[in-house]
Amino acid sequence: MEKLLVHGGSRLQGTVTISGSKNSALPIIAATLLTGERCVIRRVPDLSDTNYMVRILATLGADVEMASGNVITSAGKISHQAPYDLVRKMRASVCVLGPLVGRLKQAVVSLPGGCVIGDRPIDLHLRGLEALGAEVEVKGGDVSVFARDGLRGAEINMRGKHGSTVLGTGNVMMAAVLAKGQTVIEGAALEPEVTDLADFLNAMGAKIEGAGTRTIVIEGVDELGGAEHVVIPDRIEAGTFLVAGALIGDDVILENVCSAHMTGLIDFLQQSGHLVKELAGDRLQISSASDLRGNDLVTGPYPEFPTDMQAQVCALCATTPGISVVTETIFPQRFMHVPELNRMGANIRMEDSTAIIKGVERLSAAPVMASDLRASAALVVAGLGAEGTTEVNRLYHIDRGYEDIDDKLQGIGARVERVRQ
Ligand code: EPZ
């Protein structure tokens, strides 16, 4: 196992290049299963999650390789059964369901496990596939989906009690592109990753309109061809570096960002007094400010404040003067970072799915335990500003979603080192 030693107190300065989006690359790699022709996906971050998805495609029989940020696939002859031992490790594997049942008229995928941020149901995914005419059976930890006579277009409402579903919208979209007739998805997720997937599917020959709005209309086609695609920038990686710069940065510049995808976070930072500037050429600049004040936020579906940035902002608010109130509505249990931040001297009190954060002067280093991808990132951010050396254990969590995070942090002046335990 590896851990990251974070020596706190070094000011951050310089330019960091943001990688392609993990949450865009994963469904797009799955979408290449919809054709036997060659696809090239560029700017894919080299993460354990993207490597898992590549391994799943290879196990299904696709000819796939990943090298220097490009995934090249030809899914000629593929099986409809996804391997349990791989799928169970990554929830996002569920998005092979749509392309498999869309192309092969059947799919068997193991049910995604829950995780520390909360249970991760797929009822909305399955409801959407059933609306397209598939029969769904959940048995022995597997979900089997089959459509003997192929899928046919339908009107589908994808809304759930916590709003829309990002991967659910993608799954149903990938199943519908080869269905007979028109599909209308109501209550679609608005996230940029859904739009990026739709752009890739259209490049393959699909007929999708309305991605990025609540209503997506898909005209089924007979087959899809190969395509090339460059993945959008990772708005959550960018947000994480933005928060680090807000905490202890002097003119940190992020390049290869799409600030239009980050308005929820940028608005929050600016309202709190942080100095965020948009620069020409897809760049953002951030410096820590002095006259900061506590601020409140409620996470919500895009374009509201993203749940994937909630933990990192809690770390920032831990040393922001005043009171900050952070409410999580997407994954109400997503506060595994709070006890660890309190071990570092933060003053955070929980009330149901709301964190009441009273800013303290400075955190102090401690050995802390990473529990999930974004909580780990929050602990690294906290360590950057803390007194002393913070040990962030179970680094594999962070390697799921942050490409070369130690190199990137060192590149802007952070004193961090990865050590094998
Ligand atoms: C995507 O997960 C992201 N992952 C998550 O990022 C992100 O937190 C989440 O969207 C919300 O923005 C990827 O894109 C790979 P959802 P997804 O379906 O699609 C409920 C990260 O840190 N729900 O939009 O799985 C669900 O419980 C990860 O990069 C149902 O009730 O999330 C949640 O409360 C973590 N039934 C809400 O909807 C369903 O069938 C939103 O979940 C599906 C979801």
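First listed ligand is number 1; within each ligand, the first listed atom is number 1.
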Closest to atom 5 (C) of ligand 1 (judged by heavy-atom distance), picking from Thr329, Ile122, Asp308: Asp308
Cationic N near anionic O, under 4.0 Å, Arg148 to Glu135: yes
N or O pair under 3.5 Å between Arg91 and ligand 1: yes
Pick one of side chain, backbone, both or neither for how Lys22 approaches ligand 1, counting any non-hydrogen atom pair under 4.0 Å. side chain
Does ligand 1 come near enough to Leu26 that some N or O of the ligand is less than 3.5 Å from an N or O of the residue? no
How does Arg334 reach ligand 1, if at all, at less than 4.0 Å between non-hydrogen atoms: by side chain, backbone, both, or neither? side chain
Heteroatom distance test (Ala92, ligand 1): nitrogen or oxygen, under 3.5 angstrom: no
Carboxylate-amine/guanidinium contact Arg343 Glu340, below 4.0 Å: yes
If only atom types and distance count, is the side chain of Thr320 paired as donor or acceptor with the main-chain N or O of Gly359 below 3.5 Å? no
Does Arg349 pair with Glu351 as a salt bridge, N-O distance under 4.0 Å? yes
Classify the contact between Arg374 and ligand 1 as side chain, backbone, both or neither, using a heavy-atom distance cut-off of under 4.0 Å. side chain
Taking 4.0 angstrom as the limit, do Lys408 and Glu237 come out as a salt bridge? yes
Hydrogens and angles aside, do His337 and Asp372 bring a side-chain donor and acceptor to less than 3.5 Å of each other? no
Could you tell me, atom by atom, which parts of ligand 1 come under 4.0 Å of a heavy atom of Val166? 10 (O), 16 (P), 18 (O), 19 (O), 24 (O)
So which bit of Phe331 gets within less than 4.0 Å of ligand 1, heavy atoms only: side chain, backbone, both or neither? side chain
Pair Arg334 + Glu328, salt bridge at N-O below 4.0 Å: no
I need the single residue from Lys3, Arg415, Arg418 that forms a salt bridge (charged side-chain N to carboxylate O under 4.0 Å, His left out) with Asp406. Which is it? Arg418
For ligand 1, is any non-hydrogen atom under 4.0 Å from Leu373's backbone (N, CA, C, O), its side chain (CB onward), both, or neither? side chain
For atom 36 (N) of ligand 1, closest protein heavy-atom neighbour: Asp123 OD1, 2.7 Å
Between His261 and Glu191, do the side chains contain a donor N or O and an acceptor N or O under 3.5 Å apart? no
Can you tell me which portion of Leu167 lies within the under-4.0 Å heavy-atom range of ligand 1? Options are side chain, backbone, both, or neither. both
To the nearest 0.1 Å, how far is atom 31 (O) of ligand 1 from its closest protein heavy atom, and which atom is that? Pro121 CG, 3.5 Å
